[in-house]
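One structure below.
Keep in mind that this is a model prediction, so the values were computed, not measured. Both counts, for ligands and for their atoms, begin at 1 and track the order of listing. Numbering of residues begins at 1 and proceeds along the displayed sequence.
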Amino acid sequence: MTQLTDIARQMVASGKGILAADESPASAGKRLAAVGMDNTPENRRAYRDLFLNADGIGQYLSGVILHDETLRQDALDGTPFLTLLADNGILPGIKVDEGLTPFPGFDGEELTRGLDTLPERCADYAAMGARFTKWRNVIHIGADLPTPELVHTNAITLARYARIVQDAGMVPMLEPEVLLTGDHSLSRAEEVTRDVLATVFYQCTRYRVDLSAVILKTSMVVPGDASGEVMDHDAVALSTLRVLRDTVPPEVPGVVFLSGGQSAEDACRNLAAINRAAQAEGGAPWPLTFSFARALQGPALAVWRGDDEKVAEGRETFLTTLRRNTAALAGKDCA
Ligand code: 5MM
């Protein structure tokens, strides 16, 4: 086993998941605004501190994805965030994409920026101790979307990203996010996700990515949020597993899910249903765990709201959310 495969396997260690704490300052600002907080560097530091300085997170988390700002920052008690993670036995990851940009000529579609400067940035991040990286593409579903050109271009970008990251000695997490916004059905989401993932792995092979040293971060297959379809957790689980079995090579060490704007409740219940269905089918070729941002942090943020006196309660809520999601990995209900 190569060292990178070993890290990838640690990222999906049994009974644990990955916290996505890598919101860009703009996205973090939206989360803070929702609880009446200003988007200042100090408030973002306090927001990160709420989660990364909670006692015992290493019991539930194998890794945390950080934003560049946090990777270089100290927690409120002066301990570098990286040290906090190391003390908890948690692998540090870093978001390396530079956000979205319109796809010229393709209305309503977006590409992800950052490939040109990636080798230099990866060398720095590896030297600072990052063990894995993450790159997010987005795929909109609409009447005529996604276009084959978008799916193709995004897949090549992800494959090139992955190869650069592996050459820098870190594990690439590939996140082609099929967005849940829209009026599309569950079956349309399944069709698009199948096409997207199949194209990603086809291009990874062409661009010489070592598939035994990548982690896939995918959307669950869910109906569009304006579809009017009721969220049926068992149907989501079956659609999601069908797509993964048809597209993800068995040598990939693990699959993690984003929550994508689902409620914390739905994300946890879908995760439990997916793992139950996989067990019922005799097991999946890869561990299936969580890498949520909103569905892990949202409940605690709503309790904390920036109030110093609510830090302990917010952290307790975070730990409860982590407990429920790790229980879901064993197929248990999210009660
Ligand atoms: C899809 O977003 C990722 C998972 O978060 P959710 O579970 O909330 O869907 C997340 O890791 C995302 O990639 C980061 O928050 C960075 O996103 P931005 O928009 O800030 O680049």
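For atom 6 (P) of ligand 1, the nearest non-hydrogen atom of the protein is S259 OG, 3.3 Å. Of the protein's heavy atoms, K95 NZ, 2.7 Å lies nearest to atom 21 (O) of ligand 1. In this structure, atom 5 (O) of ligand 1 lies nearest to the protein heavy atom A293 CB, 3.2 Å. With hydrogens left out, the protein atom closest to atom 19 (O) of ligand 1 is S27 OG, 2.9 Å, a heavy atom. At the top of the distance list for atom 3 (C) of ligand 1, counting protein heavy atoms only, stands E175 OE2, 3.2 Å. Counting only heavy atoms of the protein, atom 1 (C) of ligand 1 lies nearest to E177 OE1, 2.9 Å. For atom 11 (O) of ligand 1, the closest non-hydrogen atom on the protein side is K134 NZ, 2.8 Å.
Residue G260 places at least one N or O, backbone or side chain, under 3.5 Å from an N or O of ligand 1. Where the criterion is an N or O separation shorter than 3.5 Å, residue side chain and backbone included, S24 meets it with respect to ligand 1.
The aromatic rings of Y47 and W304 sit parallel, their planes meeting at an angle under 30°, below the 60° perpendicular limit. Relative ring orientation between F103 and F106 is described as parallel, the plane-to-plane angle staying below 30° on a 0-90° scale split at 30° and 60°.
Counting heavy atoms closer than 4.0 Å to ligand 1, residue R294 contributes atoms from both its backbone and its side chain. Contacts of K217 with ligand 1, taken as heavy-atom pairs under 4.0 Å, involve the side chain alone. Contacts between E23 and ligand 1, counted as non-hydrogen atom pairs separated by less than 4.0 Å, involve both the backbone and the side chain.
With ligand atoms numbered from 1 in the order given, ligand 1 contributes 11 (O) to contacts under 4.0 Å with heavy atoms of A20.
Counted by atom type alone, S185 and S227 present zero donor-acceptor pairs between their side chains at under 3.5 Å. Of the N and O atoms on the side chains of E175 and N137, not one donor lies less than 3.5 Å from an acceptor on the other residue.
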What's the verdict on side-chain contact (heavy atoms from CB on, under 4.5 Å) for E23 and R48, showing C-alpha distance, side-chain angles and the deciding distance? CA-CA 10 Å; E23 301 92 340; R48 304 306 188 192; 2.5 Å; yes
side-chain contact (heavy atoms from CB on, under 4.5 Å) for I57 and I90? Distances and angles first, verdict last. CA-CA 9 Å; I57 53 173; I90 295 173; 3.7 Å; yes
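The closest approach between any non-hydrogen atom of Q262 and ligand 1 is not below 4.0 Å. A heavy-atom separation below 4.0 Å is found between D22 and ligand 1.
Under the side-chain contact (heavy atoms from CB on, under 4.5 Å) test applied with F81, the options R72, E69, Q73 reduce to a single match, Q73.
Here the two rings, on F257 and F290, have centers that are 6.0 Å apart or farther.
Counting non-hydrogen atoms of neighbouring residues, nucleotides and ligands closer than 6.0 angstrom, the CD atom of E120 exceeds 12 such neighbours.
Following chains of ILVMFWY side-chain contacts shorter than 4.5 Å, one can reach L241 starting from M220, so the two form part of one hydrophobic cluster.
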